Structure formats: C-alpha cells, structure tokens
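Throughout, residue positions are numbered sequentially from 1 according to the sequence presented. This structure is a prediction, so every number in the text was calculated from the model and none was measured.
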Amino acid sequence: MAISACFFTASLSNSNPKLDLHLPFVPSHSSPPHHLRISLPSPSPLSLRQHYHRHHNNSDPLLPLFVPFVSGGDGGGSFNNNNGGGGGGGGDNDGNAGDRNREEVILVLAEAKRSIDSLPKDLAAAIQAGRIPGAVVSRFLALENSGLFRWLLQFGGFKERLLADDLFLAKVGIECGVGIFTKTAAEYNRRRENFFKELEIVFADVVMAIIADFMLVYLPAPTVSLRPPLAGTAGPIAKFFHNCPDNAFQVALAGTSYSLLQRLGAIVRNGAKLFAVGTTSSLVGTAVTNALINARKAVDKSSAGEVENVPIVSTSVAYGVYMAVSSNLRYQVLAGVIEQRILEPLLHQHKLMLSAICFAVRTGNTYLGSLLWVDYARLIGIQKAQEEQKELA
C-alpha cells in the first residue's frame with residue numbers, strides 16, 4: 001500500500017468487481033486474494049455545486065431548490081456532507097454507487113479492526129446491497145461507544161434515525177422538554193383573562209400536545225433505511241409506500257434516489273400515521289379533561305353551569321386532522337429542509353451551536369403550532385371563548 005498524498009480514494013485491483021464482505025477486513029501478513037490499492041489524485045478545489053453533484057444524486061427532484069452542501073471532511077460529521085445523494089455524481093449508475101459504498105465500508109471497518117459479521121444483521125445486509133456508505137458505518141461505530149446509544153441501536157426505528165442524525169435524541173428531548181412551557185404560554189396568549197376559567201381546556205390541549213410531541217419528532221425524522229425489500233406477493237400500494245422516504249425532503253444516500261411521487265407519498269404516509277396519533281392522544285386528553293370537569297362540578301355545585309364537558313369525538317377527529325395536515329407539513333419542512341439541508345451542512349463541525357439553533361427553531365415551531373391549534377379549534381367550533389359561552393347561555 002502506497003500513499004502519495006493526504007486525500008485519497010479507494011479502489012480494489014481485482015478483475016471481479018463484486019466484493020466478498022465476509023472476508024476479514026484486517027490485512028494478514030500473507031497476500032490476500034484482494035489487494036487494496038489507494039489511488040491518490042491531486043486534490044483540486046471543488047465549488048459547492050461541483051461537490052453536490054459529485055456526492056449527491058443528480059436525479060434528486062429537490063436539487064434545484066436548495067443550496068448545495070459544503071464539504072464535510074471526516075466521517076465523524078453529519079453524513080449529509082459526505083454521502084448525501086443517490087447514485088453519485090457524473091451520471092454514475094446505482095451499481096457503481098453500490099461498489100463505491102462497499103469500498104468505503106471496507107476502509108472504515110479495516111481502520112476500526114472490525115468485520116461485517118460484528119455488525120447488526122440489517123445493517124450488514126444493507127452494506128452488502130451497496131446501500132450504505134462508509135460515513136454511516138463510521139457514525140454507527142461512534143454511537144456504539146455510548147451505553148445509551150448502544151442500547152437504542154437495538155431498536156430498528158431509533159437505529160435508522162440515529163444513523164441519519166446523531167442529534168436525533170437531543171431533538172426529541174428539546175421537543176418534549178419545551179412542549180409544556182411553550183404550549184402553556186401559547187394557550188395563555190390566546191385566552192388571556194379566560195386562561196384560568198378555561199383551565200380544563202388548557203390542560204387537555206397540553207396533554208394532547210405532549211403525548212404527540214414525541215411522534216412529531218420521530219415520524220418525520222430523516223432516516224437511513226435498513227428495511228429489506230418487501231416480498232414479491234406484496235401489493236403495488238404497499239410496495240410504493242414501503243419505498244417512500246420517511247421525510248419528504250430528506251437527502252438520499254449514495255446509491256439511493258427518490259422520485260417526486262415517492263416524496264409526496266412520504267407526506268401522505270406520515271399524515272395517516274399522525275392522524276392516528278393525534279386522534280388517540282386527543283381521546284386520552286379529552287377523557288381526562290371531562291373527568292376533571294365532572295369532579296369539579298361534584299365538589300363545587302356553583303360551577304356546574306360555567307364549564308361544559310369537552311366533546312370527545314369531534315375534538316379527537318379535529319386534532320387528528322390538524323396533526324395530519326399542519327403538524328405533518330411543518331415538521332417535514334423543519335427536519336428535512338431547515339435542519340438537514342441548511343443548518344447541519346453549515347454547522348456540522350459546531351455541534352453545540354447547531355444544538356442551540358435547533359432548540360430555538362423547534363421552540364418557535366412548537367409555539368406556532370399551539371397558536372394555530374387554538375385558532376383552528378375555535379374556527380371549527382369545538383372550542384369557544386368564555387364570552388361566547390356566556391352569550392349562548
């Protein structure tokens with residue numbers, strides 16, 4: 001192995017282009033059947049647009065809409081900067097991108113003195129299929145060093161999201177942590193002097209929001225797909241939604257591409273899931289609220305005519321629709337555009353600053369969502385201001 005420059009790309013000198021990933025990756029003293037050769041072209045500065053075309057899929061229908069990513073350097077940063085798009089630049093097909101991914105993984109595992117057999121089966125299968133670039137494997141190996149992340153990586157959904165975004169868990173904490181305060185503040189801003197008079201309704205709104213906050217971060221989060229292909233007997237609709245990304249705006253990894261229809265399908269699929277989440281959480285929230293209202297009426301007879309029970313069915317369906325439309329679109333844009341395509345490429349080497357800005361953006365989005373829900377609920381008539389209730393009485 002000879003190294004003649006600081007920047008290098010890897011290639012395998014063998015007539016057979018396919019790689020046997022079950023072979024040990026640590027070189028032995030004897031000559032192995034596959035000889036690793038490092039070719040070192042003279043580095044030349046790339047413009048941002050050239051870098052994007054080289055590392056991202058040119059067929060990405062969102063390409064003209066966003067500023068390209070800056071170069072990411074090592075594999076420890078955000079993977080967007082190293083392996084963002086689909087089939088690679090310059091018109092490479094998926095086969096070439098898959099071979100390049102496997103070569104990258106060989107280098108990463110050799111450096112870490114690991115073999116593919118030591119990786120989880122779903123990740124190993126995706127590597128053998130050429131769908132996982134080396135930067136994602138680097139992130140997996142780094143996350144394994146933490147006991148908490150190592151435990152979370154046992155769960156497929158968390159694994160797919162943590163491999164796509166190492167700040168995913170922090171964003172869950174941000175969303176759930178600030179949810180109580182921002183939603184309560186938004187309720188007070190809309191109700192003002194009626195805040196305490198409508199405290200039961202406020203409580204229902206906050207309970208519904210907190211239950212849904214986790215799913216609002218979880219479902220639209222960009223992922224590294226490790227799901228195996230569906231069986232050939234699956235229907236066309238199931239196959240279509242199975243191949244859709246989890247976030248409509250997420251960057252496709254090298255060797256993967258999403259059509260515009262598939263990205264629209266991601267919005268529909270997540271909308272259906274969030275409708276179920278919103279309706280269920282609202283059923284819980286309104287049931288608890290009605291129980292509190294009835295308990296208050298039993299203790300204070302004078303309040304029997306002041307506060308009415310919250311309609312369970314209409315409120316739950318309305319909240320499900322709100323989650324499927326407003327929340328779905330806002331969080332898709334937040335996770336896929338603002339965070340993954342704008343903030344992370346710019347601040348991937350400044351994790352503390354990135355976390356702070358994500359905190360501010362997500363806090364503002366949560367507060368905006370609370371304001372929109374109060375206006376929406378009053379617009380469709382499932383909640384009324386205290387003055388309106390008095391006039392009706």
Side-chain angles (χ1 to χ4, degrees), residues 172 175-220 270-331 362-363 365-393:
V172 171
E175 199 71 34
C176 295
V178 304
I180 294 177
F181 302 102
T182 56
K183 292 179 186 302
T184 302
E187 292 283 340
Y188 180 78
N189 182 66
R190 278 290 187 263
R191 303 179 192 280
R192 295 293 181 180
E193 64 275 5
N194 295 322
F195 180 81
F196 292 100
K197 297 178 182 178
E198 303 174 356
L199 196 57
E200 290 83 0
I201 297 178
V202 172
F203 181 80
D205 288 349
V206 174
V207 168
M208 289 186 294
I210 297 305
I211 292 175
D213 273 343
F214 172 78
M215 299 305 295
L216 281 173
V217 182
Y218 184 87
L219 290 178
N270 274 355
K273 293 179 180 179
L274 287 174
F275 175 81
V277 170
T279 302
T280 302
S281 63
S282 181
L283 285 171
V284 175
T286 51
V288 172
T289 299
N290 286 344
L292 292 176
I293 291 176
N294 293 332
R296 177 179 173 183
K297 290 179 179 179
V299 174
D300 185 6
K301 301 295 184 181
S302 62
S303 64
E306 294 182 4
V307 183
E308 298 180 357
N309 285 358
V310 179
I312 295 180
V313 176
S314 58
T315 300
S316 299
V317 173
Y319 194 65
V321 172
Y322 173 80
M323 289 272 288
V325 180
S326 175
S327 299
N328 184 26
L329 293 175
R330 283 187 291 107
Y331 279 87
R362 285 186 172 271
T363 299
N365 179 63
T366 302
Y367 184 73
L368 173 62
S370 299
L371 298 180
L372 293 175
W373 162 248
V374 175
D375 291 340
Y376 166 73
R378 288 181 173 176
L379 178 65
I380 64 177
I382 62 172
Q383 292 183 8
K384 296 182 177 65
Q386 191 69 17
E387 292 82 356
E388 296 175 0
Q389 293 180 354
K390 289 180 178 178
E391 290 176 2
L392 293 175

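Looking at Tyr376 and Val321, their side chains come closer than 4.5 Å, going by heavy atoms from C-beta outward. Annotation: side chain of Leu283 is not in contact with side chain of Tyr319 (no heavy-atom distance under 4.5 Å). Side chains of Tyr322 and Leu372 form a contact here, defined as non-hydrogen atoms less than 4.5 Å apart.
Listed here is the closest heavy atom pair of Thr280 and Ala276: OG1-O, 2.8 Å. Between Gly320 and Thr279, the shortest heavy-atom distance links the atoms CA-OG1, 3.6 Å. The two residues Pro220 and Met215 make their nearest non-hydrogen contact at CD-O, 3.7 Å. Residue Asn270 comes nearest to Leu219 through the heavy atom pair ND2-O, 3.4 Å, listed as atom of the first residue, atom of the second, then distance. Shown here for Thr315 and Trp373, the closest heavy-atom pair between the two residues is O-CH2, 4.4 Å. Nearest heavy-atom pair across Ala324 and Gly271 is CB-O, 3.2 Å.
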Task: Check against side-chain contact (heavy atoms from CB on, under 4.5 Å), Val178 and Tyr367 - done: CA-CA 9 Å; Val178 304; Tyr367 184 73; over 6 Å; no
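Side chain of Asn294 to main chain of Asn290: a donor-acceptor pair is present (N/O by atom type, distance under 3.5 Å, no hydrogens or angles). Checking side-chain atoms of Ser281 against main-chain N and O of Gly278 turns up a donor-acceptor pair under 3.5 Å.
Considering OG1 of Thr366 and CG of Leu371, their distance stands at 11.0 Å, rounded to 0.5 Å. Taken to the nearest 0.5 Å, the OG atom of Ser282 stands 7.0 Å off from the CD1 atom of Ile382. Rounding to the nearest 0.5 Å places CE of Met323 at 9.5 Å from CZ of Arg330. Remark: Lys273 NZ to Asn328 CG distance equals 11.0 Å, nearest 0.5 Å. A distance of 12.5 Å separates CG of Leu274 from OH of Tyr218, quoted to the nearest 0.5 Å.
More than 12 heavy atoms of other shown residues, nucleotides or ligands fall within 6.0 angstrom of atom CZ in Phe214.
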